[in-house]
Amino acid sequence: MAKLDHHLHTSRHSPDSILDPGDLIAEAKLCGLDGVVITEHDFQWAADELAELQARAGDLIVLSGAEVSTREGHFLVYGLPHLKDAPAGIAVKDLIEVVRAHDAAIVAAHPFRWDQDFRSIVVACKAHFDGIELVSNNVSPTTRSKSQSLLAEFPMGTTGSSDGHDRETIGCYFTEFPGPVRTMADFVRAIRSRTGKPRSGKGKHQSCGPA
């Protein structure tokens, strides 16, 4: 079993974050997480930079994906070798094609936020998402309810993550996977298997209720 918070932003590469990477590591360990996946806005950490942070993290697994700003909203991508083919402003249909070409994974971040017509996106994309973020710090009770209703019509995987931009938010929600996750390849397989379960972090504020 592996517990990962896999939607996170740091002050190193996301201008709207005040979370220092070192504080991220420290808080993730305090929360009892097994790993984190950093998802900066339209930026993916370079392998050498990520390796340096991993060396500081010890047993905590540290990986990097990205939160891509598409024309239709924000989507989390995992397992892409780079973002050259997934620039900000890409159409979500095109992003899905890029993800599939690289056997990567894609999760819809905070569906229905900012009055996003997420149902129309799901219909247009034929529900070709590996998951949707059911709970996070930027999911409200209202948008969560909309997602749950949509899932009854279009079954997809569900995830939980903090969408953390500060230390206090880390681990408020996370996803629990039934098997170990040590590498990005492991994580992509876990997301695509749709076996992860959204969970709530103990002692943390949960903006849309317990998972």
Side-chain angles (χ1 to χ4, degrees), residues 2-17 19 21 24-25 28 33-111 121 125-133 136 156-157 159 161-165 174-175 177 179-196:
K3 302 175 182 178
L4 282 89
D5 188 346
H6 51 92
H7 181 181
L8 300 159
H9 304 273
T10 77
S11 57
R12 187 176 295 185
H13 295 297
S14 286
D16 61 346
S17 176
L19 177 62
L24 165 59
I25 291 171
L33 296 173
D34 298 301
V36 294
V37 187
I38 302 169
T39 52
E40 311 285 21
H41 296 289
D42 302 301
F43 183 91
Q44 190 163 272
W45 282 44
D48 57 346
E49 185 181 28
L50 193 63
E52 180 183 355
L53 188 59
Q54 178 64 78
R56 296 165 54 190
D59 292 337
L60 181 79
I61 300 302
V62 182
L63 305 170
S64 177
E67 182 173 10
V68 178
S69 306
T70 76
R71 297 174 197 170
E72 296 88 347
H74 294 180
F75 293 85
L76 303 165
V77 295
Y78 306 103
L80 291 181
H82 51 72
L83 298 181
K84 294 177 183 177
D85 299 324
I90 188 174
V92 68
K93 280 187 175 182
D94 293 334
L95 180 60
I96 290 172
E97 290 184 7
V98 172
V99 167
R100 294 298 171 238
H102 290 284
D103 291 323
I106 182 168
V107 172
H110 39 67
I121 295 170
C125 295
K126 298 180 173 58
H128 285 168
F129 300 109
D130 298 302
I132 67 172
E133 193 174 60
S136 87
M156 291 176 281
T159 68
S161 43
S162 67
D163 193 2
H165 291 67
F174 58 89
T175 305
F177 299 98
V181 174
R182 305 294 301 178
T183 67
M184 179 53 72
D186 291 341
F187 183 70
V188 168
R189 282 193 293 270
I191 288 290
R192 293 183 67 174
S193 72
R194 302 185 178 186
T195 56

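It should be emphasised that the depicted structure is a prediction, and the values quoted were computed from it without experimental measurement.
Side-chain atoms of Arg100 and Ile96, non-hydrogen and from C-beta on, do get closer than 4.5 Å to each other. Inter-residue side-chain proximity for Thr159 and Leu76 is flagged as unmet; no heavy-atom pair is nearer than 4.5 Å. Pro111 is not listed as a side-chain neighbour of Phe129, based on a closest heavy-atom distance of 4.5 Å or more. Put simply, the side chain of Val99 does not reach to within 4.5 Å of the side chain of Phe75, judged on heavy atoms. Looking at Leu4 and Thr175, their side chains never come closer than 4.5 Å, going by heavy atoms from C-beta outward. Proximity of Val37 to Met184: side-chain heavy atoms (C-beta onward) are separated by under 4.5 Å at one or more points.
Nearest heavy atoms, Ile191 versus Ala105: CG2-CB, 3.9 Å. Taking all atoms of both residues into account, the shortest heavy-atom contact from Gly79 to Val188 is CA-CG2, 4.0 Å. Between Val68 and Ala86, the closest heavy-atom pair is CG1-O, 3.9 Å. What you find for Ala127 and Arg194 is that their closest heavy atoms are O-NH2, 4.4 Å.
In this structure, CD1 on Ile38 lies 6.5 Å from CG on Leu50, to the nearest 0.5 angstrom. Once rounded to the nearest 0.5 Å, the distance linking CE of Met156 with NE2 of His128 reads 11.0 Å. The CD atom of Glu97 sits 11.5 Å away from atom CG of Asp85, with the distance rounded to the nearest 0.5 Å. To the nearest 0.5 Å, atoms OG (Ser162) and CG (Leu8) are separated by 4.0 Å. Atom CG of Asp103 and atom CG of Leu80 lie 10.5 Å apart (nearest 0.5 Å). Atom CH2 in Trp45 sits 8.5 Å away from atom CD in Glu52 (nearest 0.5 Å).
A distance-only check finds a donor-acceptor pair linking the side chain of Gln54 to the backbone of Leu60 [under 3.5 Å]. Side-chain atoms of Ser11 come within 3.5 Å of backbone atoms of Leu19 as a donor-acceptor pair (strictly under, hydrogens ignored). Not a single donor-acceptor pair under 3.5 Å links the side chain of Asp5 to the backbone N or O of Phe174. Under a 3.5 Å cut-off, the side chain of Arg56 and the backbone N or O of Ile25 do not form any donor-acceptor pair. For Ser64 (side chain) and Gln44 (main-chain N/O), no donor-acceptor pair under 3.5 Å exists by modelled atom type. Remark: the backbone N or O of Val181 is not paired with any side-chain donor or acceptor of Asp34 at under 3.5 angstrom. Side-chain N or O atoms of Glu72 include none that pairs as donor or acceptor with a backbone N or O of Ile121 at under 3.5 Å. In this structure, the side chain of Arg71 engages the main chain of Gly89 through a donor-acceptor pair within 3.5 Å. No side-chain donor-acceptor contact under 3.5 Å links His102 to the backbone of Ala104.
Within 6.0 Å of CZ in Arg182 there are 12 or fewer heavy atoms belonging to other residues, nucleotides or ligands.
A donor and an acceptor atom, one from each side chain of Glu133 and His74, are nowhere located under 3.5 Å apart. Side-chain atoms of His9 and Asp16 include no donor-acceptor pair closer than 3.5 Å.
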Yes or no on side chain to side chain donor-acceptor pair (under 3.5 Å) for Glu67 and Thr39, after CA distance, side-chain angles and deciding distance?
CA-CA 5 Å; Glu67 182 173 10; Thr39 52; 5.1 Å; no
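Taking the six-membered ring for Trp and thresholds of 30 and 60 degrees, Tyr78 and His6 have ring planes more than 60 degrees apart, a perpendicular arrangement.
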